[in-house]
Protein chains: 2
Amino acid sequence: MLNERDFYSDEPGSFGESEGRIDAGKMRPTMQNVAKAAGVSLKTVSRVVNNEPNVGEDTREKVSKVIEELGFRRNDLARNLRQGQISTTIGLIIEDIANPFYSNIAHGVEKVAQRYHYMVIICNSEENAQREQELSNALFRRRVAGLLMVPASHDHSYLLPEARLGTPIIFLDRPPDHLDTDTILLDNRGGARKGIEHLIAHGHRRIGVIGGDPLVHSGAERLAGYREALADRSIPYDEALLRSNRDEPLRAQEAVHELLMLADPPTALFTTNNRISIAVIRALYGMKRQIALVGFDDFELAELLPVPITVIAHDAAALGEQAAELLFARLHGDDLPPQHLVIPTELVVRGSGELPPE
Amino acid sequence: MLNERDFYSDEPGSFGESEGRIDAGKMRPTMQNVAKAAGVSLKTVSRVVNNEPNVGEDTREKVSKVIEELGFRRNDLARNLRQGQISTTIGLIIEDIANPFYSNIAHGVEKVAQRYHYMVIICNSEENAQREQELSNALFRRRVAGLLMVPASHDHSYLLPEARLGTPIIFLDRPPDHLDTDTILLDNRGGARKGIEHLIAHGHRRIGVIGGDPLVHSGAERLAGYREALADRSIPYDEALLRSNRDEPLRAQEAVHELLMLADPPTALFTTNNRISIAVIRALYGMKRQIALVGFDDFELAELLPVPITVIAHDAAALGEQAAELLFARLHGDDLPPQHLVIPTELVVRGSGELPPE
DNA sequence: TTGTACGCGTTATCAC
DNA sequence: GTGATAACGCGTACAA
């Protein structure tokens, strides 16, 4: 059953009120109002609301009754202002919540936050550096207790003042620039290596890469993993097989056409993230072309496609969870030097990565 | 370029600070500190911070300089407390941000909120009525300006006191119970009708339904659409073809087996949401069985499966956007009676819905 | 067990 | 154009 007490303080409470129409404009009751109505002092109400000791049982009941009658609800804005100047809210800045990668991160973060009785403000930066900065400032003005972010910009010194004030700031998926702080990344390079080694093991020597912004750390690392794998096998690195800045689906499709039109075309493709993988798969279907493919990031239904897609998978929710756990550890006084965690990746063999050359 | 001014008030600002290590614990500067350091009064600083008139140009510059030096940032907790007792934050309660349906809604909401300079606290109710109530109370204690929710519970009279206080509350995807307030739904019944009519037109008379909780409004309406479509064609409604409470993937798979094992099995299936559709598709693949299928909700890659999936599609982001727009209209004084909006659905023909019986 | 006085950081009022 | 003072709603410290 629901607990009436914490309607106004910490947990839920049923509220016996008949149904009806809404008419706005009434005054929101304050502790002061409750105190007057109950004939006690402000502080006594405060004690009751926060379940503090040293209140007579009769007093407590009387106050509780008034609280219910008036529909009082503690104002956490005022409470936080008085208590510590920071709110029990954390901020999460991601690129786009509609992308499953980020929504899984968000899910992990929110899950942990709920455990700690914190709430999460989620913001979409749309991969825009200026917006990232606007959003962080807006969050800091709201005195979020901490900030988790997948950075879009390439200079995070603007976060330094806030970090110095003690606000934990944790970077997800991409490391900060010009700032030394907690970071949690995927094993981008290692994952890419595994994927490329897999293709090589299946006989491929000309492997095309379709990727996004080469300045984004995760993409750059995946490309580095590609190069390392080739170098290991003494396979020449051919820039003609590379297509960058293909985050837009249309641009990714063009890349497929371009690569397959080459005089000496690739026999396999490596796509560096989920959105690009999907765009490329669409393009290949449109061309009725079959070619070996390994994609970074897993995605739903990959295993049910006519040629099931071999991917480098990882646990995005765990990324969010571990980042949030680290944040709360910092809030609880953990004072270790900046941490750098890595989430492992796994090659999931499904079919597209095992197609032979030609 | 970035604007320095709104680092401390409304927009972003660059912050000239060299890189380095973080050490916490410094005091957060207040307006009082700025005032003292600049040799002006508190109110003058306030004027500068908020770009109010009646400040001499020289004074404004002097204060701005101190603000930058000290790294002052306005405390919006205190600001909101003083101004109107509500924050420039809205709440969004959904079932699960990792589900694309909800993450698209969230994306729409956040997009609109950014336009109005509001931020969004997103909470996952996990389809749990008690948690829904806990979360709304926590949001109200934080004095969110308004609340958007996909309800999980079946009695929302507990929201009445807050609604009476003037906090706009808007229901998405499912209507409230025991409360008359703004609601924005999908055309569940009409969409389901279209889907079932389509199957009937392709010769099906025994159509199995695999759905979730029958008490959830959207699911119930989709089932109602199913029944209406059958009734229109005088096709008997056979309860043996119905499987409810199949939100769990395993339970959905069982449903497929159960239905196909029937003495007089269905020749087509109707799945009432995206998660169930996907679970069912997996089951059918596992059985190497092909059967006509129409699913409610579109999902990524549906068109690339070996038998592309015919679905009843809709614009979840638009659902979120319109709900948010309505919320802000309410905040800006719109005083019309409770609105009831409907987002249209569309039958997307791809293949699975056109398979013949047998 | 209960109450009083004050402060949290900001904005509003009204005086100068 | 500028400043003193009182709020906003609550918690802390200490007194009664």
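Just so it is clear: chains get the letters A, B, ... in the order the sequence lines come, proteins before strands, and each one is counted from 1. Because the structure is predicted, anything quoted here is derived from the model rather than measured.
- Salt-bridge annotation for A:Glu57 and A:Lys62: absent, with no side-chain N of the basic residue lying under 4.0 Å from a carboxylate O of the acidic one.
- Regarding contacts with the backbone of D:dT12, a side-chain N or O of A:Gln83 is found under 4.0 angstrom from either OP1 or OP2.
- Nucleotide C:dT2 holds its C1' atom 12 Å from the CG atom of A:Asp58, rounded to whole Å.
- Atom pair A:Gln32:CD and C:dG3:P shows a separation of 12 Å (rounding to whole Å applied).
- For A:Arg82, counting side-chain heavy atoms from C-beta on, the closest listed nucleotide (C:dG9, D:dT2, D:dT12) is D:dT12.
- Within residues 36-47 of chain B, the residues approached by DNA chain D to less than 4.0 Å at the level of any non-hydrogen atom are B:Val40, B:Ser41, B:Lys43, B:Thr44, B:Arg47, in residue-number order.
- Checking the phosphate oxygens (OP1, OP2) of C:dT1, a side-chain nitrogen or oxygen of A:Asn54 falls inside 4.0 Å.
- Using a 3.5 Å distance cut-off with no hydrogens or angles, the side chains of A:Arg131 and A:Asn124 do not pair a donor with an acceptor.
- For the side chain to side chain contact (heavy atoms under 4.5 Å, CB included) with B:Asn80, the qualifying choice from A:Leu77, A:Leu81, A:Asn75 is A:Leu77, the only one to do so.
- What separates CG of A:Asn80 from C1' of C:dC8 is a distance of 11 Å, to the nearest Å.
- OP1 or OP2 of C:dT11 lies within a sub-4.0 Å distance of a side-chain N or O belonging to B:Asn50.
- Going from atom CD of A:Glu52 over to atom C1' of C:dG3 covers 14 Å, rounded to whole Å.
- By the 4.0 Å N-to-carboxylate-O rule, B:Arg60 lies too far from B:Asp58 to be salt-bridged with it.
- For C:dC8, the OP1/OP2 oxygens have no side-chain nitrogen or oxygen of B:Thr30 closer than 4.0 Å.
- Rounded to an integer number of Å, the gap from CG of B:Asn33 to C1' of C:dC8 is 13 Å.
- When the nearest nucleotides of DNA chain D are assigned to B:Gly56 and B:Leu81 by heavy-atom distance, the more 5′-ward of the two goes with B:Gly56.
- With salt bridges taken as basic N to acidic carboxylate O contacts below 4.0 Å, one links A:Arg115 and A:Glu325.
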Full working for side chain to side chain donor-acceptor pair (under 3.5 Å) between B:Glu95 and B:Ser125: CA-CA 5 Å; B:Glu95 203 189 303; B:Ser125 71; over 6 Å; no
Full working for side chain to side chain donor-acceptor pair (under 3.5 Å) between A:Arg142 and A:Ser87: CA-CA 8 Å; A:Arg142 280 169 174 74; A:Ser87 64; over 6 Å; no
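- Look at CG on B:Asn75: it is 14 Å from C1' on C:dG7, rounded to the nearest Å.
- Rounded to an integer number of Å, the gap from A:Met31 CE to C:dG3 P is 14 Å.
- In this structure, CZ of B:Arg143 is placed 20 Å from P of C:dT10, rounded to the nearest angstrom.
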